[in-house]
Amino acid sequence: MDSGLAERLQAVRERMESACARAGRDPGGARLVAVSKTHGPDRVREAVECGLTVFGESKVQEAQAKIPQCPGRLSWHLVGHLQRNKAAVAAQLFDYIHSVDSARLLEAVDRASAEAGKVMPVLLEVNVSGESSKFGLAPADVPALLARANELDNVEVRGLMTMPPFTEDPAEARPWFRRLRELRDAWRGETGFALDELSMGMTHDLEIAIEEGATWVRVGTALFGERERT
Ligand SMILES: *Cc1c(COP(=O)(O)O)cnc(C)c1O
């Protein structure tokens, strides 16, 4: 079967590398999460054959059905919103959570990860634009959450994630990506957390995000094609 995935992956890698080069960054400084939501295990297997190992899902329930049917030893990232009552399942399924957006959720993930016998790497999702339709912490609430994270043994806050408002022109996302990096730099100084990871940029705007410091880009459509509307 040739769905063109190998070519699309190559194109995404080239976009990532040229953005790194423009920004004077190490070409490996931005890594790819292949967002496989809505696509079945066959597409994941095909992506694995192309060399991908890090996959992103946005819904726990979908991931719960899919992951056991996929090759082992892949790394699964939860990139979508997580409800507290799904923390236990999420802690078992996932290796990384990009979307922690409250103290209660952080605590639930900590407890669930302890039960699953792991330390979960997490990112705090920040709503930098203040857009009311978006999930994410208000920037003002982040320092207190970092202080709380310091007291928890089974979550490790590695950095920050954001989803800017959608605009036709991806360049309009730049100020939001830049804002996340600037907030990170400030919190790094204030809290002692390194916050090395910045998860930002998707199919539409990954170059802009990388130019502004993204270390994880979450890409679905550019790899797997348009998703069916559900
Ligand atoms: C679906 C999704 C993506 C991937 O979006 P594309 O535009 O298809 O690349 C990235 N991040 C999150 C949180 C998503 O839900």
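Just follow the structure's listing: the first ligand is 1, and inside any ligand the first atom is 1. Quick caveat: nothing in here was measured; it's all calculated off a predicted structure.
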K.L.:
So, are Arg13 and Glu17 salt-bridged, with charged N and O less than 4.0 Å apart?
P.N.:
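No, no charged N to carboxylate O under 4.0 Å.
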K.L.:
Tabulation required: pairs of a nitrogen or oxygen in ligand 1 and a protein nitrogen or oxygen under 3.5 Å; columns are atom names and distance to 0.1 Å; otherwise 'none'.
P.N.:
{"unit_1": "ligand 1", "atom_1": "8 (O)", "unit_2": "Thr221", "atom_2": "N", "d": "2.8"}
{"unit_1": "ligand 1", "atom_1": "8 (O)", "unit_2": "Thr221", "atom_2": "OG1", "d": "2.6"}
{"unit_1": "ligand 1", "atom_1": "8 (O)", "unit_2": "Arg227", "atom_2": "NH1", "d": "2.8"}
{"unit_1": "ligand 1", "atom_1": "8 (O)", "unit_2": "Arg227", "atom_2": "NH2", "d": "3.1"}
{"unit_1": "ligand 1", "atom_1": "9 (O)", "unit_2": "Thr203", "atom_2": "N", "d": "3.0"}
{"unit_1": "ligand 1", "atom_1": "9 (O)", "unit_2": "Thr203", "atom_2": "OG1", "d": "2.5"}
{"unit_1": "ligand 1", "atom_1": "9 (O)", "unit_2": "Gly220", "atom_2": "N", "d": "2.8"}
{"unit_1": "ligand 1", "atom_1": "11 (N)", "unit_2": "Arg218", "atom_2": "NE", "d": "2.9"}
{"unit_1": "ligand 1", "atom_1": "15 (O)", "unit_2": "Lys37", "atom_2": "NZ", "d": "2.7"}

K.L.:
Salt-bridge test for Glu212 and Arg181: reply yes if a basic N is under 4.0 Å from a carboxylate O, no otherwise.
P.N.:
yes
K.L.:
Could you check whether Phe55 and Trp76 have their ring centres less than 6.0 Å apart?
P.N.:
yes
K.L.:
Between His81 and Phe135, what is the ring plane arrangement, given parallel below 30°, perpendicular above 60°, and tilted in between?
P.N.:
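His81 vs Phe135 ring planes: parallel.
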K.L.:
Does Glu46 come within less than 4.0 Å of Arg43, counting only side-chain N to carboxylate O?
P.N.:
yes
K.L.:
Charged N to carboxylate O under 4.0 angstrom, Arg174 versus Glu211?
P.N.:
yes
